[in-house]
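Inspection log for the structure reproduced underneath, given as structure tokens.
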Amino acid sequence: MAGRTQIPTKNSALIAMIADEDTVTGFLLAGVGNVDLRRKTNYLIVDSKTTVKAIEDAFKEFTAREDIAVVLISQYIASMIRFLVDSYNKPVPAILEIPSKDHPYDPAHDSVLSRVRYLFSAESVASGRR
Amino acid sequence: MEDDDRCSSSNPGGIGQEEEDEDGKVLRFLDSLDSYLTLLDALSSTLRQGWFELASARHSMGSSRISSVLLDQKVQSAATTFQVRKSIDGSPSESHPSFAISKWASSRNGKCSFRELEVSRVQKTSKNSELRHRGSSNFYEEHDLTINASSTISDSDVQKERSKSLSVFGTLVSPKLRGAQVSFETALDAIVEIANIRSSMLSAFTQLQQEMKKDLG
């Protein structure tokens, strides 16, 4: 997958965020916030009123933008759009699932680890032994 | 025994070399996986500290002063950005993206000045064979992180950029808010590492998949 897809070279690419208010605020303090001329931001603050559709739209928008290198998404939010996150397979932007205040990181739900887990499954071991 | 001797004499290094390559790929994948989990653990710890400091700042400054409502909606460029390059392991078909961070970039008077930190991957393929344990706060001390810092701006410029970022929340801010800013900056360093390790892990996984298909087919 990584070898066949074109890897674009980017300078000054952004980091996008789909996370709760405190996480987004913290990263904005670190200087990653960007607002363009159309007033489009590189972040989405998710709270109890944010709909799944809004999260999906933000994810699709950030992964389609060429000026974004990494998309940070809280793992509990990624679980709301799990199908979309798991079916994403481009090398850039990279999707990183991060913990949130109320939901610690769970390796069992990480989409990258789910993808590689099959290497350790009984089926793959059995097929290797045949 | 005699069959083995005949086999080894007719194909002295070929099969052995292939097995070594495959073992190398497996090791590379497992090491990337281990580094990925360790880095996520370190990131969790750094983020927890950042959230705690943010909560402390909110407590001392008031919750209305630290709120997403205050976040600037006016046009602004990110001061901290990423660079993406193509990294090649072995053959050109095994390329994967490599990420670097550029912190507190600023354009003043048409000139671009920046501090660039390139954090190389923790997992070196060759030399470092020390055992790793899953500590979080001591992670950066224990590992061979190569940081090439070519700072072409002064620390005062960095402080100005930091203050600009803090000024969204008022002129006088709590030291806890400054502490939170530093914690989240540290978290960004971990994120660059995680992005690179993730990329390397997926590349190693793809190679292993191809090997397995070759063996089965």
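Every chain is numbered from 1 and lettered A, B, ... according to where its sequence line falls, protein lines coming before strand lines.
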Starting at CD1 of B/I194, measure out to CD of A/E97 and round the result to the nearest 0.5 Å. 11.5 Å
Indicate the atoms forming the closest heavy-atom contact of B/A78 with A/V32, along with that distance. CB-O, 3.6 Å
Between chain A and each of B/V84, B/L54, B/L177, count heavy-atom pairs under 4.5 Å; write down the option with the most. B/V84
The interface call for A/L96 against chain B, heavy-atom contacts under 4.5 Å, is side chain
Heavy-atom side-chain proximity of A/F27 to B/I191 below 4.5 angstrom: yes
Verdict with reasoning, B/L188 to A/I15, per side-chain contact (heavy atoms from CB on, under 4.5 Å): CA-CA 10 Å; B/L188 281 176; A/I15 180 167; 4.0 Å; yes
From the list A/K101, A/R39, A/R38, the residue making the most non-hydrogen contacts under 4.5 Å with chain B is A/K101
Interchain contact, B/F52 with chain A, by part (heavy-atom threshold 4.5 Å): neither
Of the non-hydrogen atoms in B/F99 and A/P91, which two are nearest, and what is the gap between them? CZ-O, 4.4 Å
So what's closer than 4.5 Å to chain A heavy atoms on B/R85: side chain, backbone, both or neither? both
Over all heavy atoms of both residues, which pair between A/N11 and B/Q83 is shortest? Give the atoms and the distance, please. OD1-CG, 3.7 Å
What distance do A/N42 atom CG and B/T81 atom OG1 have between them, rounded to the nearest 0.5 Å? 11.5 Å
Is the shortest side-chain heavy-atom distance between A/D110 and B/L40 below 4.5 Å? yes
Could you tell me whether the side chain of A/D102 reaches within less than 4.5 Å of the side chain of B/W51, counting heavy atoms only? no
A/D36 portion near chain B, given a 4.5 angstrom heavy-atom threshold: backbone
Give, as side chain, backbone, both or neither, the part of A/L28 having an atom under 4.5 angstrom from any heavy atom of chain B. both
For the candidates A/I68, A/T23, A/L14, which exhibits the highest count of non-hydrogen atom pairs separated by less than 4.5 Å from chain B? A/T23
Can you confirm whether A/L29 sits close enough to B/F169 that some side-chain heavy atom of one is under 4.5 Å from a side-chain heavy atom of the other? yes
Taking B/M201, B/E53, B/E185, B/R58 one by one, which has the highest count of heavy-atom pairs under 4.5 Å against chain A? B/R58
Audit row: B/Y36, A/V112, side-chain contact (heavy atoms from CB on, under 4.5 Å) steps and yes/no: CA-CA 10 Å; B/Y36 182 78; A/V112 170; 4.1 Å; yes
Can you say whether A/L113 sits under 4.5 Å from chain B via the side chain, the backbone, both, or neither, judging by heavy atoms? side chain
With a 4.5 angstrom heavy-atom cut-off, is it the side chain or the backbone of B/R178 that approaches chain A, or both, or neither? neither
Chain B heavy atoms under 4.5 Å from A/P107: which part of the residue, side chain, backbone, both or neither? side chain
Note: vs chain B, highest number of non-hydrogen pairs under 4.5 angstrom among A/P99, A/A94, A/P104 is A/P99
